[in-house]
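Quick caveat, the model's predicted, so the values are computed rather than measured.
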Amino acid sequence: MAMYDAETADRTLETFARLIRDEVCTPVEERAEGPLKVGVDLGTANIVLAVVDAANQPVTGATYRSTVVRDGIVVDYMGAVNAVRHLKATVEERLGCTLTQAGTAIPPGIATGNIKAIANVVEAADFDVVEVIDEPSAATRLLGVRDGAVVDVGGGTTGISVVKDGTVVFTDDEATGGTHMSLVLAGAYGVTFEEAEVLKLDPAKARDVFPVVRPVVEKMAAIVARFLEGYDVDTVYVVGGACTFDAFEGVFQKQIGRTIIKPPHPLLVTPLGIALYGTPGEGGRS
């Protein structure tokens, strides 16, 4: 059985989302004693910086819409560095202190040179990089999954970690994600990619948009089903910005034939998990 504590994970994510939305931080007197920890998620569509206290509770965070990274490859190095510097300065001003260390993450299976490039971006933003973890494993750590699979559906890739007895036994990814949804929308509506991105992110248009991008979601589900061949997995946890559609889980459920769980604010799961580096205990929790 999976040891996913939905109540705890959901509460943590709701708190983190509120701190980002309201551009505030947890008061000092409400934080656990000890150094703050930082996670930097260089996503294809969003860069997210997460800060937690010594007890792994959210302290603050910030997001930045960006296209400086594509499928785990830094395509605009200075743009990426400047974006992370901006986020760092924003949260430091809010906190009233300097942040010196950070973890970051990569899609599974990218080349060694690309891993180094992502770490270099974070270092160039004046962080000491203390960990580089693959994205679905970071999500797994936050959710505290002991047995199951965690799928990170990002802007450029669909990545997976299979977990047995609290240990990640398999990771992989494939290049299908939210970018592909936008490309399909651009073609279907005859608009630019940028206009398609806006359309995709508009909750009011979700009922019209999802049938158009459904084939992309079905391809994602097919990727996950192939990754799961040979593994005894009952539950699949989906995270990442590209899985926010309400109907997303239903497509995965039908095609994969396993229980599908999507936490609230799925975009924020991986960056918050990245910040839990150096954490003792099962599933990255103290």
Side-chain angles (χ1 to χ4, degrees), residues 13 16-17 19-21 23 25 36-52 58-95 99-108 110 114-139 142 152-157 159 173 175 177-179 181-182 193-194 197-198 200-201 239-244 265-277:
L13 287 162
F16 186 45
L19 292 168
I20 292 175
R21 181 188 66 243
E23 299 182 351
C25 58
L36 298 175
K37 298 189 291 184
V38 180
V40 178
D41 186 5
L42 291 170
T44 298
N46 297 276
I47 299 176
V48 184
L49 190 150
V51 182
V52 302
V59 173
T60 193
T63 65
Y64 187 89
R65 289 286 296 174
S66 179
T67 56
V68 296
V69 176
R70 186 175 303 144
D71 304 344
I73 299 173
V74 179
V75 295
D76 179 358
Y77 180 80
M78 284 312 303
V81 171
N82 288 333
V84 178
R85 284 176 177 169
H86 168 75
L87 292 174
K88 184 174 187 286
T90 297
V91 298
E92 285 178 339
E93 181 178 3
R94 198 179 298 164
L95 290 164
L99 301 171
T100 60
Q101 295 183 328
T104 191
I106 55 169
I110 69 170
N114 295 328
I115 296 173
K116 183 61 177 173
I118 287 175
N120 286 345
V121 167
V122 181
E123 289 177 346
D126 300 320
F127 282 115
D128 292 327
V129 176
V130 295
E131 181 187 63
V132 180
I133 187 173
D134 69 83
E135 293 164 347
S137 292
L142 174 77
D152 189 332
V153 186
T157 61
D173 78 334
T179 297
M181 292 179 176
S182 298
F193 178 84
E194 290 73 21
E197 279 279 290
V198 173
K200 181 183 69 177
L201 297 173
V239 304
C243 72
T244 54
H265 309 289
L267 170 65
L268 303 180
V269 175
T270 295
L272 205 50
I274 296 169
L276 304 188
Y277 56 81

Taken to the nearest 0.5 Å, the spacing of Glu123 CD from Ile118 CD1 works out to 12.5 Å
Less than 4.5 Å apart, any side-chain heavy atom of Val52 and any of Leu36? no
Contacts of Pro266 meeting side-chain contact (heavy atoms from CB on, under 4.5 Å) (sequence neighbours excluded), chain-then-number -> Cys243, Thr244, Lys262
In this structure, CD1 of Ile20 is separated from CG of Leu267 (nearest 0.5 Å) by 8.0 Å
Within the 4.5 Å heavy-atom criterion, are Pro271 and Leu49 side-chain neighbours or not? no
Applying side chain to side chain donor-acceptor pair (under 3.5 Å) to Thr63 and not counting sequence neighbours gives none
Requested in this report: Could you check if a side-chain atom of Asp41 sits within less than 4.5 angstrom of a side-chain atom of Asn46, using non-hydrogen atoms only?
Outcome: no
Glu92 meets the salt bridge (charged side-chain N to carboxylate O under 4.0 Å, His left out) criterion, sequence neighbours left out, with Lys88
All heavy atoms of Leu95 vs all of Cys25, minimum pair found to be CD2-CB, 3.9 Å
key: Student check: side-chain heavy atoms of Val153 and Val239 closer than 4.5 Å   = no
Arg85 meets the salt bridge (charged side-chain N to carboxylate O under 4.0 Å, His left out) criterion, sequence neighbours left out, with none
Tightest non-hydrogen contact, residues Val74 and Ala80, listed as CG1-CB, 4.3 Å
Residues passing the side chain to side chain donor-acceptor pair (under 3.5 Å) test with Glu197, sequence neighbours excluded, are Arg65, Ser182, Lys200
All heavy atoms of Ala242 vs all of Gly154, minimum pair found to be CB-O, 3.6 Å
For Thr270, the side chain to side chain donor-acceptor pair (under 3.5 Å) test, sequence neighbours excluded, returns Asp152
Sequence neighbours excluded, the answer for ring-ring contact (aromatic ring centres under 6.0 Å, His included) partners of Phe193 is none
Value for CG (Leu268) from CG (Leu19), rounded to nearest 0.5 Å, stands at 10.5 Å
Looking only at heavy atoms, the pair that brings Val91 and Gly61 closest together is CG1-C, 4.1 Å
CG of Asp134 to CD1 of Ile106, rounded to nearest 0.5 Å, is 6.5 Å
Thr104 meets the side chain to side chain donor-acceptor pair (under 3.5 Å) criterion, sequence neighbours left out, with none
The reported gap from CG in Asn120 to CD1 in Ile115 (rounded to nearest 0.5 angstrom) is 12.0 Å
Ser66 meets the side-chain contact (heavy atoms from CB on, under 4.5 Å) criterion, sequence neighbours left out, with Ile47, Tyr64, Val68
_Can you confirm whether Thr67 sits close enough to Thr44 that some side-chain heavy atom of one is under 4.5 Å from a side-chain heavy atom of the other?_
no
Residue pairs meeting ring-ring contact (aromatic ring centres under 6.0 Å, His included), one or both in residues 114-138, sequence neighbours left out, come to none
Residue set satisfying side-chain contact (heavy atoms from CB on, under 4.5 Å) with Thr90, at least two apart, ordered chain then number -> His86, Arg94
To the nearest 0.5 Å, atom CD of Glu135 lies from atom CD1 of Ile274 at 7.0 Å
Ala50 and Phe16 have their tightest heavy-atom pair at CB-CZ, 3.4 Å
Note: Pro58 and Leu272 closest approach over all heavy atoms is CG-CD2, 4.3 Å
Residues passing the side-chain contact (heavy atoms from CB on, under 4.5 Å) test with Gln101, sequence neighbours excluded, are Asp128, Val130, Tyr277
Of Val121, Val84, Val48, the one forming a side chain to side chain contact (heavy atoms under 4.5 Å, CB included) with Val40 is Val84
